[in-house]
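Below is one structure, written out as structure tokens, with a few remarks after it.
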Amino acid sequence: MAGNEQGNDLVAELDAFLAEHEAELIEFRRDLHAHPELAFNEHRSTRRVERRLAAAGLRPVTLPKGTGLIADIGAEQASDAERPVVALRADLDALPMADDKDVPYRSTVPGICHACGHDVHTTVLLGAGLFLAQRAAAGQLPGRVRLIFQPAEESAGGALDVLAAGGIASVGRIFALHCDPRLDAGQLGVRSGPITAACDRIQVRVSGPGGHTARPHLTADLVYALGKILTEVPAALSRRVDPRSSLSLVWGRVSAGTVANAIPDGGVAEGTVRCLADEAWHTAPDLLKELIDSVASAYGVHAELSYQRYVPPTVNDQGSAAMLSAAALDVLGAGSVVQTPQSLGGEDFAWYLESIPGALARLGTRVPGSVVSHDIHQPTFDVDESAIAVGVRAMAATAVNALWDDGAIVAQPLPGVTGA
Ligand SMILES: [Zn+2]
Ligand SMILES: [Zn+2]
């Protein structure tokens with residue numbers, strides 16, 4: 001934790017920075033909102049961010065597929081391996097839906113809308129980056145900060161691309177925010193442990209010899225076996241996995257056969273696997289294969305499982321969540337940091353946390369006192385733009401505090417303390 005003096009300095013510096021830049025940031029967000037781009041097509045957004053960072057003296061690098069960018073602050077210290085690196089991440093992409101709002105910054109692109117608030121995340125990260133760059137230039141950044149503007153969160157490939165490009169190499173911790181219309185602007189929702197859920201898809205294909213329904217004993221009764229898989233596998237899961245992980249398999253499609261008196265030779269079932277706990281998510285594919293195989297083999301049919309990973313649960317590291325919470329409290333004031341529940345939604349920030357510790361927090365975007373909250377992924381979604389300054393304060397303070405804390409650990413290693 002930074003001391004009070006440090007905290008007070010930071011508040012005064014953030015006040016001064018935002019007095020000068022808040023209007024510019026709101027304008028920046030409105031421009032992104034009016035020009036939304038889908039996953040892996042964020043060329044204009046990438047350029048806009050790139051130019052603004054370059055104007056502040058940073059040297060952003062575009063990701064290999066041409067959208068998304070990374071910029072280091074305090075990069076002149078790159079040779080010093082002892083200095084901690086903290087990453088802050090935002091996402092650039094919009095959603096394939098119409099914008100139903102009647103505002104001057106309404107989407108100008110038919111059928112595409114920033115309905116998940118990624119325009120706000122990008123603007124918040126830009127603001128925090130400009131502030132931290134100013135601090136670094138004054139010699140007041142005790143380490144390096146990496147800004148990650150990732151593409152394609154909604155299609156769930158963006159975070160993996162950043163990882164493949166070495167985007168978190170040498171990063172010790174990573175933080176991100178996501179808009180939350182259930183919280184008032186001015187509030188930040190924090191949680192230690194899992195904050196979003198895993199959601200995967202499965203397909204089971206069963207096959208057998210087929211035959212007449214008069215003689216199921218001479219063939220393999222494939223429809224009966226498929227029915228057993230549909231009911232017994234979800235039931236067995238609840239007895240094989242810790243119920244607190246809430247690993248659940250729900251079928252959405254099933255199909256087999258064409259006529260009443262013929263046992264078909266093939267059938268298929270498809271469903272989703274949702275899960276709140278990371279450990280259970282890791283074991284789910286093997287466990288499901290084992291259960292499906294054992295039911296199928298009892299009836300003499302062959303079953304093939306195809307398991308499509310989407311995202312793991314986002315599991316906030318306790319230490320990182322505490323740093324974020326303390327930093328936000330310092331710069332936002334008492335009552336601004338609240339506990340938030342785990343949601344069943346998926347978020348690809350989870351992929352970063354599979355490799356390094358970090359935390360995702362929820363940025364309140366509801367107009368305080370308003371009874372209407374426009375949910376994300378709705379064509380009417382919008383935010384109280386005062387949330388942008390709140391996000392800048394929280395992200396910048398979190399980076400500074402994490403650098404101080406991790407710097408202290410690097411300078412004085414304690415037995416058994418890894419910094420994670
Ligand atoms: Zn979304
Ligand atoms: Zn989102």
Side-chain angles (χ1 to χ4, degrees), residues 29 32-33 35-42 45-46 49 67-68 87-101 107 109 111-126 128 147-162 174-183 185 188-191 194-201 272 274 310-316 340-353 358-366 373-385 387-388 390-391 394-395:
R29 179 256 165 173
L32 290 184
H33 198 89
H35 302 92
E37 295 168 303
L38 292 178
F40 291 123
N41 270 301
E42 309 95 333
S45 310
T46 299
V49 174
T67 67
L88 303 175
R89 172 274 205 178
D91 36 16
L92 295 162
D93 56 325
L95 283 163
M97 62 169 59
D99 186 342
D100 283 356
K101 297 186 301 295
S107 171
V109 188
I112 304 183
C113 178
H114 264 299
C116 202
H118 297 186
D119 52 335
V120 174
H121 308 162
T122 299
T123 306
V124 163
L125 186 57
L126 174 68
L147 310 177
I148 299 174
F149 295 87
Q150 78 156 72
E153 191 283 326
E154 298 289 354
S155 71
L160 293 172
D161 278 16
V162 173
I174 186 163
F175 298 93
L177 296 178
H178 200 292
C179 289
D180 187 346
R182 293 164 304 173
L183 291 174
L188 202 71
V190 185
R191 178 182 178 81
I195 185 165
T196 66
C199 180
D200 299 333
R201 275 172 183 240
T272 58
R274 285 173 196 271
Y310 174 54
V311 287
T314 302
V315 183
N316 282 346
T340 187
Q342 181 175 14
S343 83
L344 275 167
E347 159 65 54
D348 87 347
F349 183 66
W351 286 119
Y352 300 98
L353 300 193
L360 170 81
R362 298 208 168 101
L363 177 69
T365 57
R366 182 174 60 196
S373 78
H374 300 289
D375 204 359
I376 53 172
H377 285 221
Q378 296 297 313
T380 51
F381 175 73
D382 203 358
V383 304
D384 179 329
E385 289 170 320
I388 292 170
V390 174
M395 285 294 245

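In what follows, residues are counted from 1 in the order of the sequence shown. Read the numbers this way: they start at 1 and go in the same order the structure lists the ligands and their atoms.
The aromatic rings of H118 and H178 lie perpendicular to each other, with more than 60° between the two planes, well past the 30° mark.
Checked by atom type, the side-chain pair H33/D119 shows a donor-acceptor distance below 3.5 Å.
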Handout entry: Derivation and outcome, salt bridge (charged side-chain N to carboxylate O under 4.0 Å, His left out), residues E347 and R89
Key = CA-CA 13 Å; E347 159 65 54; R89 172 274 205 178; 2.8 Å; yes
Problem - Verdict with reasoning, H121 to Q150, per side chain to side chain donor-acceptor pair (under 3.5 Å) - result: CA-CA 11 Å; H121 308 162; Q150 78 156 72; over 6 Å; no
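No option in I195, L360, L188 other than I195 meets the side chain to side chain contact (heavy atoms under 4.5 Å, CB included) test with T340.
Protein N/O/S atoms closer than 2.8 Å to the Zn ion (ligand 2): C116 SG, H118 NE2, H178 NE2.
In this view, A185 and P368, D384, S386, A387 satisfy the side-chain contact (heavy atoms from CB on, under 4.5 Å) rule, not counting sequence neighbours.
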